[in-house]
Amino acid sequence: MAPSALQPCAPGTFPTRSFFEQPPEFVAPRLLGKLLARNFKGRWLVGRIVEAEAYLGPHSRTPDAAAHSHRGPTPRNAVLFGPAGHSYVYSIYGRYFCMNISCEPAGRAGCVLLRALEPLAGIALMASNRGLDPKTAKPCQLTSGPSRLCQALALTRAAQNAIDLLSPRSQLQILEDGFCVTECLATPRIGISPSNPAFDWPLRFVLPGNPFVSGPRKHSGARHRIR
DNA sequence: CAGCCGATAAGCT
DNA sequence: GCTTATCGGCTGA
């Protein structure tokens, strides 16, 4: 992808709305390899999704106590109960943000948390948004981690919550560019407390071996090949 | 260099 | 009081 200035539009084509109307555990692994594009001050910042987690809605047969929606709608999580394919950005621990994509048809909740991107375009701007020196920052420091990618793309709840990711007029879009994913790995989700019944559910999906996947180099816990 | 610890401090219970 | 996180500082190999 050419890191040129002032592209008129983001690269690729939109997935369908019905793709996101599926359950999050269906959407999350199939989101790997797709692009997240953010129009920031006239420039497109683009990264490929290499890690994502599914969070199940309250209608699920087995309640997902790690999901914001699991006790039903609140002002904060309202977008999760709206139409599919919209951004859900929330603040965590009072200082960072995480970005999710709403799944399931309107009336039901469920979402996919974006945990890591491989930066493709606008890399110097991403570094600067992260407060790093664009000349010395390593690509792995930019978008490997759910709050890091929000910083790199300048995503906040105030400005980027509830955006339709499937509209060509949106400043934040999900796109596909023909990138072929041949396999992905499922693992337990990161950061779920051991007392949570959903602690070890294999709902985290990564491109195996991709250097931009977040987390420590050593991973404990079983991994499963799912396709 | 890897791993652990504390600070941070919104939103919901 | 808990949580879908990150960073800097410390500590031990």
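Each chain gets a letter, A, B and so on, in the order the sequences are listed, and its residues count up from 1.
In this structure, B:dT8 forms a base pair with C:dA5, meeting either the Watson-Crick or the G-U wobble geometry with both donor-acceptor distances under 3.5 Å.
Against DNA chain B, the stretch residues 52-60 of chain A makes no heavy-atom approach under 4.0 Å.
Per the geometry, CG belonging to A:L142 stands 16 Å off C1' belonging to C:dC7, to the nearest Å. At whole-Å resolution of the value, CZ in A:F199 and C1' in C:dT3 are 14 Å apart. The nearest whole Å value for the distance from the CG atom in A:L132 to the C1' atom in C:dT6 is 12 Å. In this entry the distance linking CZ of A:F97 with C1' of C:dT6 reads 14 Å, nearest Å. Between A:Y90 atom OH and C:dC2 atom C1' there is a gap of 14 Å when expressed in whole angstrom units.
Under the 3.5 Å distance criterion, with hydrogens and angles disregarded, a donor-acceptor pair is assigned to the side chains of A:R115 and A:S214.
For A:R148, taking side-chain heavy atoms from C-beta onward, the closest of the listed nucleotides C:dT6, B:dT13, C:dT3 is C:dT6.
In plain terms, the two heavy atoms of A:L149 and A:A116 that are nearest each other are CD2-N, 3.7 Å. Closest non-hydrogen pair, A:R38 versus A:Q171, comes out as NH1-OE1, 2.7 Å. Counting all heavy atoms, side chain and backbone alike, A:A162 lies closest to A:H86 at O-CD2, 3.9 Å. Nearest heavy-atom pair, A:Y55 versus A:L113, reported as atom, atom and distance to 0.1 Å: CE1-CB, 3.8 Å.
Within the 3.5 Å criterion, the main-chain N or O of A:V89 finds no donor-acceptor partner in the side chain of A:S87.
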Below 3.5 Å is the cut-off: list the nitrogen or oxygen pairs between protein and nucleotides 7-11 of chain B, distance only.
{"from": "B:dT8", "atom 1": "O2", "to": "A:R95", "atom 2": "NE", "distance (Å)": "3.4"}

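Between A:Q141 and A:Y88, the one whose closest nucleotide on DNA chain C sits nearer the 5' end is A:Y88.
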Please walk me through it: do A:R76 and A:Y88 pass side-chain contact (heavy atoms from CB on, under 4.5 Å)? CA-CA 9 Å; A:R76 177 174 65 154; A:Y88 170 57; 3.6 Å; yes

If you apply the rule side-chain contact (heavy atoms from CB on, under 4.5 Å), what do you find for A:F212 with A:L117, and how did you get there? CA-CA 7 Å; A:F212 296 93; A:L117 308 175; over 6 Å; no

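Using a 4.0 Å heavy-atom criterion, one finds that A:N100 contacts the bases of the nucleic acid, with or without backbone contacts as well.
The side chain of A:R130 contributes no N or O atom lying less than 4.0 Å from OP1 or OP2 of C:dT6.
Across B:dC12 and C:dT6, the matching C1' atoms stand 22 Å from one another, rounded to whole Å.
Criterion: ILVMFWY side-chain heavy atoms under 4.5 Å apart, direct or through other members. Under it, A:L203 and A:L185 are not part of a common hydrophobic cluster.
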